[in-house]
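All values reported here derive from a predicted model rather than from experimental measurement. The sequence lines fix the lettering, A, B, ..., with proteins before strands; numbering per chain opens at 1.
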2 protein chains.
Amino acid sequence: MAISKPTAERLSRLALLLEQQSEENTPITSAEIEVLTGWASHTIRKDISSLTKTSGIATNTGYLPCELAKAIRETLGFAGTEQNCCIVGLGRIGSAFLDYKGFAESPFTIRAGFDSNVNRVEILKADFPLYPTFKMKEIIPRLGISYAILTVPAEQAALAAERLIDCGITGIVNFTPVLLPAPPGVEIEQVSILDALGAIAARRSINTKE
Amino acid sequence: MAISKPTAERLSRLALLLEQQSEENTPITSAEIEVLTGWASHTIRKDISSLTKTSGIATNTGYLPCELAKAIRETLGFAGTEQNCCIVGLGRIGSAFLDYKGFAESPFTIRAGFDSNVNRVEILKADFPLYPTFKMKEIIPRLGISYAILTVPAEQAALAAERLIDCGITGIVNFTPVLLPAPPGVEIEQVSILDALGAIAARRSINTKE
DNA sequence: AGTTGTGAAGGTATTCACAGCG
DNA sequence: CGCTGTGAATACCTTCACAACT
């Protein structure tokens, strides 16, 4: 049975949340998840019920975080396998991710960084190797990278995205303000401060109107 | 007539898009917007039809970008008035916004930056004033700031958010990986790389399954 | 008791198809 | 004619209420 888009997105965030606080594997109820996320407990239960594998997850005092997170990851496509990412553009925003620890418990790992400025590539330090941009075509397939985090200056965004797709990248998180066209088979997620502010303002103007 | 949430969010992004490329005010058709955004042209027309003021926007060759953007901003609450924001936390991510030019054409303006480290406040340069954190309570109401961009380290996020709300902030763009509880009347938008990657992976696992 | 799990009902958003207008 | 604008139909998601389980 197909899983709906809103459900998939909620489950994905839920998995991250569970992975973050997975030190203790004490059961968590749908009511507790409601407090943490703001989603109604029915919604959460319904979402969970659409997982392909549902045995050994629920007890009479709630869901087991580890098993639930694992079940979500399985249903959403990546069973145990790490999802490899790269950072493209090591300016202010890009280099801010070099020492970001949040990836540790997630299924995503940064495997490489790219920048057209060779100086930056040599000076900056990270837990993963940094390369000049022209090596993308060689490195990306070799390391099995399928996701890119795009943090180049706005004027280079379109070209960089095109090249990445050409290298076999199938998912781009776009931190530039440029709206990138998404060819079939490639998913692009815009992450923009202005969009975020706009979304907040939009929601507010609805709530105050009723 | 109330406007739906998805519609409001689409309109908000559309306004940003129009404002970005507003040099020429040549008409743009719903079909062209479809190419740029990926939303069906019906959806766009329906969204636009729900605006409160619809005169002088459409011609027989498309919509006039400037008037359309203006009409959207009016319907969504802020007619002409600038929306004031502040940045809280001037570490790697926060300071990356200091010279971000994208706000220029948007209805949002950054009015202040805050950091608990007094050194940073004194050394960093920006187009707006920087203050030590303890001055928030004084500055935020004085400058009429209602939105905050939260870029402090994860362990300070919860406390910082609480204080901001206490100062009268009603919208927070949360760049930390911490999931913040949103009290009534306050809108919080999580902007996280892991969420973005998760959303992409989730959408992909749906598309490939059918 | 307290939970999860789920068919059925209800509400919302999207899509369609065509009328209306410049 | 090409475009927008919009009621009606469809599809979708969420919510409810209660059964099933521990």
For nucleotides 20-22 of chain D, tabulate all protein N/O to nucleotide N/O atom pairs closer than 3.5 Å, reporting atom names and distance.
from: dT22(D); atom 1: O2; to: Asn60(A); atom 2: ND2; distance (Å): 3.4

What are the atom names and distances for every N/O pair under 3.5 Å that joins the protein to nucleotides 8-14 of chain D?
from: dA8(D); atom 1: N6; to: Lys46(B); atom 2: NZ; distance (Å): 3.3
from: dT14(D); atom 1: OP1; to: Arg10(A); atom 2: NH1; distance (Å): 2.8
from: dT14(D); atom 1: OP2; to: Arg10(A); atom 2: NH2; distance (Å): 2.8

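Judged purely by atom type and a 3.5 angstrom limit, Thr109(B) has no side-chain atom pairing as donor or acceptor with the backbone of Glu82(B). Within the 3.5 Å criterion, the main-chain N or O of Thr176(B) finds a donor-acceptor partner in the side chain of Gln190(B). Between the side chain of Asn84(A) and the backbone N or O of Arg111(A) there is no donor-acceptor pair closer than 3.5 Å.
Salt bridge status for Arg203(A) with Glu189(B): present, with a side-chain N to carboxylate O gap under 4.0 Å.
For residues 133-147 of chain A, the salt bridge (Lys or Arg N to Asp or Glu O under 4.0 Å) pairs, not counting sequence neighbours, are Lys137(A)-Asp166(A), Glu138(A)-Arg142(A). For residues 83-102 of chain B, every residue pair satisfying the salt bridge (Lys or Arg N to Asp or Glu O under 4.0 Å) rule, not counting sequence neighbours, is listed here: Arg92(A)-Asp99(B), Asp99(A)-Arg92(B).
With sequence neighbours excluded, the residues forming a ring pair (Phe, Tyr, Trp, His ring centres under 6.0 Å) with Tyr100(A) are Phe103(A), listed by chain and number. For Phe114(A), the ring pair (Phe, Tyr, Trp, His ring centres under 6.0 Å) criterion is met by Tyr131(A), not counting sequence neighbours. Partners of Pro184(B) according to the side chain to side chain contact (heavy atoms under 4.5 Å, CB included) rule, which considers only residues two or more places apart in sequence or in another chain, do not exist here. Applying the salt bridge (Lys or Arg N to Asp or Glu O under 4.0 Å) rule to Arg10(A) yields the partners Asp47(A); only residues at least two apart in sequence or on another chain are considered.
Of all non-hydrogen atoms in Ile139(B) and Ala112(B), the two that sit nearest each other are CG2-CB, 4.5 Å.
Nucleic acid contact class of Thr29(A) (heavy atoms, under 4.0 Å, all strands): sugar-phosphate only.
The span of DNA chain C lying next to chain A, judged by atoms under 4.0 Å from heavy atoms, is bounded 5' to 3' by dT3(C) to dA8(C).
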side-chain contact (heavy atoms from CB on, under 4.5 Å), that's the test. Do Leu130(A) and Ile87(A) meet it? Break it down for me. CA-CA 9 Å; Leu130(A) 306 179; Ile87(A) 301 179; over 6 Å; no
Check step by step if ring-ring contact (aromatic ring centres under 6.0 Å, His included) holds for Phe97(A) and Phe175(A). CA-CA 12 Å; Phe97(A) 289 119; Phe175(A) 275 81; 5.5 Å; yes
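Proximity of residues 32-40 of chain A to DNA chain C (heavy atom under 4.0 angstrom from any strand atom) is not detected for any residue.
With a cut-off of 3.5 Å on both pairing distances, the Watson-Crick and G-U wobble pairs of DNA chain D assemble into stems of 3 or more at C:1-22 with D:1-22.
Between Leu51(B) atom CG and dT6(D) atom C1' there is a gap of 14 Å when expressed in whole angstrom units. Rounded to an integer number of Å, the gap from NE2 of His42(A) to P of dA19(D) is 17 Å.
Contact annotation: Tyr63(B) reaches the phosphate of dG5(D) (side-chain N/O to OP1 or OP2, under 4.0 Å).
In this structure, Lys5(A) places its NZ atom where only 12 or fewer heavy-atom neighbours from other residues, nucleotides or ligands lie under 6.0 Å away.
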Atom pairs and distances, donor-acceptor, side-chain atoms in residues 144-162 of chain B, under 3.5 Å, two or more places apart:
from: Tyr147(B); atom 1: OH; to: Arg204(A); atom 2: NH2; distance (Å): 3.3
from: Thr151(B); atom 1: OG1; to: Val88(B); atom 2: O; distance (Å): 3.1
from: Thr151(B); atom 1: OG1; to: Gly89(B); atom 2: O; distance (Å): 2.6

